[in-house]
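One-based numbering along the sequence shown.
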Amino acid sequence: MKVFITCGTHFSYPTEIRRYYATSIDADQYAAGLVNLLRSEIGGSTLPPVSPAQWRDGLIKAQRQRLETCGTPTENMSESDLATEAEFEVWIEEAEIEGLSNRAISDRELASILAALRLYQRNDCPVDLRDIATNGDTHIILSADEIDALCERINTGDQRATCPNVVVALEGGLVSGVVADQPIRLLVVDYDVEGASDDDVSLVPQDDHVPVEAIVSQWSGDGPRIDPEWIAALDAAIAEQPED
């Protein structure tokens with residue numbers, strides 16, 4: 001299944017925004033929303049909102065205005081250089097995913113998928129759709145029982161197959177290692193900024209007050225190690241512990 005991932009970065013925040021959509025139209029709409037927030041923040045009334053069809057041009061104009069306000073000429077800059085120097089960017093990625101993520105579809109689309117599955121279950125798969133159902137004979141067509149199970153998983157929003165399990169090991173109060181059952185991106189936020197250079201410090205958003213200075217880096221220890229079998233064994237060991 002192809003999904004569209006709208007991504008964004010902001011000069012005041014270390015965290016990359018990523019939102020998943022089933023259609024390019026929805027991804028463009030969210031991208032336009034991000035760009036319009038940036039345009040309002042940078043130029044106010046001089047940078048009015050842009051439509052989803054024009055968000056890329058609107059982004060470039062906002063990047064140019066931020067740099068020119070700081071006295072940086074932009075005439076000969078490429079789009080990648082503009083993004084780097086302005087310290088903010090919005091872009092859309094495409095990806096093929098296996099399985100179904102309810103983050104990638106709307107409620108209306110979800111209802112249509114469930115109805116189509118039930119129709120398929122009642123009437124068997126039409127000959128002209130078998131190539132789609134088997135992905136060109138790559139898979140075996142789902143049985144009625146398998147469709148029941150799939151509909152149940154979709155209805156309950158069961159994401160256990162896609163939700164990563166992460167184990168953080170401590171020794172003496174310090175992180176000694178990280179293990180996950182699937183690939184993850186792990187960031188470390190260190191609020192001790194004494195002696196750090198300005199280039200190493202970011203403003204980290206907080207839930208209940210203004211952003212706080214911190215050093216944000218990607219975990220660079222031994223890992224994260226991907227070991228689903230070890231985590232499954234750990235889960236089993238925890239389940240066997242007697243209840244208090």
If you look only at distance, which donor and acceptor atoms sit under 3.5 Å apart when one is on a side chain in residues 52-62 and the other is two or more places apart or in another chain?
| unit_1 | atom_1 | unit_2 | atom_2 | d |
| --- | --- | --- | --- | --- |
| Trp55 | NE1 | Asp28 | OD1 | 2.9 |

Worksheet, complete the sentence: Nearest heavy-atom approach of Leu34 to Cys7 is CD1-O, 4.4 Å
Practice prompt. Enter the distance from Gln121:CD to Asp148:CG here, rounded to the nearest 0.5 Å.
Written response: 4.5 Å
Practice prompt. Please tell me if the side chains of Thr9 and Ile17 come closer than 4.5 Å, counting only heavy atoms from C-beta onward.
Written response: no
Item to complete: Answer yes or no: is there a donor N or O on one side and an acceptor on the other, between the side chain of Asp200 and the main chain of Ala196, under 3.5 Å?
Response: no
Item to complete: Keeping to residues at least two apart or across chains, list the salt bridge (Lys or Arg N to Asp or Glu O under 4.0 Å) pairs with something in residues 83-95.
Response: Lys2-Glu94, Arg18-Glu93, Arg66-Glu87
Practice prompt. Looking only at non-hydrogen atoms, find the nearest pair between Ala214 and Val193 and report the distance.
Written response: CA-CG1, 3.6 Å
Worksheet item: Where do Asp190 and Asp192 come nearest, in terms of heavy atoms and distance?
Response: OD1-N, 2.9 Å
Item to complete: Establish whether Leu82 and Val90 are linked, either directly or via other cluster members, by ILVMFWY side-chain heavy-atom contacts under 4.5 Å.
Response: no
Worksheet entry | Any donor-acceptor pair under 3.5 Å from Glu41 side chain to Leu38 backbone | no
Item to complete: Measure across Ala31 and Ile92 and return the closest heavy-atom pair with its distance rounded to 0.1 Å.
Response: CB-CD1, 4.3 Å
Item to complete: Just do the side-chain hydrogen bond (donor to acceptor under 3.5 Å, both in side chains) check on Arg64 and Thr74 with the steps written out, would you?
Response: CA-CA 6 Å; Arg64 290 189 185 280; Thr74 63; 3.2 Å; yes
Worksheet, complete the sentence: Heavy atoms of Val35 and Val50 approach each other most closely as CG1-CG2, 4.2 Å
Practice prompt. Please examine the side chains of Leu150 and Leu117, heavy atoms only from C-beta on, and report whether any two atoms are closer than 4.5 Å.
Written response: yes
Discussion item. Under a 3.5 Å distance rule, please check whether Ser202 uses its side chain to pair with a backbone N or O of Val216 as donor and acceptor.
Written reply: no
Worksheet item: Is it true that the side chains of Thr84 and Asp81 contain a donor and an acceptor less than 3.5 Å apart?
Response: no
Item to complete: For residues Met77 and Thr72, determine if any side-chain heavy atom of one lies less than 4.5 Å from a side-chain heavy atom of the other.
Response: yes
Worksheet item: Is it true that a side-chain atom of Arg39 and a backbone atom of Pro48 form a donor plus acceptor pair closer than 3.5 Å?
Response: yes
Response to the item:
Of all heavy-atom pairs linking Ala133 and Tyr120, the shortest is CB-OH, 4.0 Å
Discussion item. For Thr46 and Gln65, which I'm curious about, is there any donor-acceptor pair between the side chains at under 3.5 Å?
Written reply: yes
Item to complete: Please check if atom CG in Leu114 has more than 12 non-hydrogen atoms from other residues, nucleotides or ligands closer than 6.0 Å.
Response: yes
Fill in: For Phe4, ring-ring contact (aromatic ring centres under 6.0 Å, His included) partners two or more places apart
none
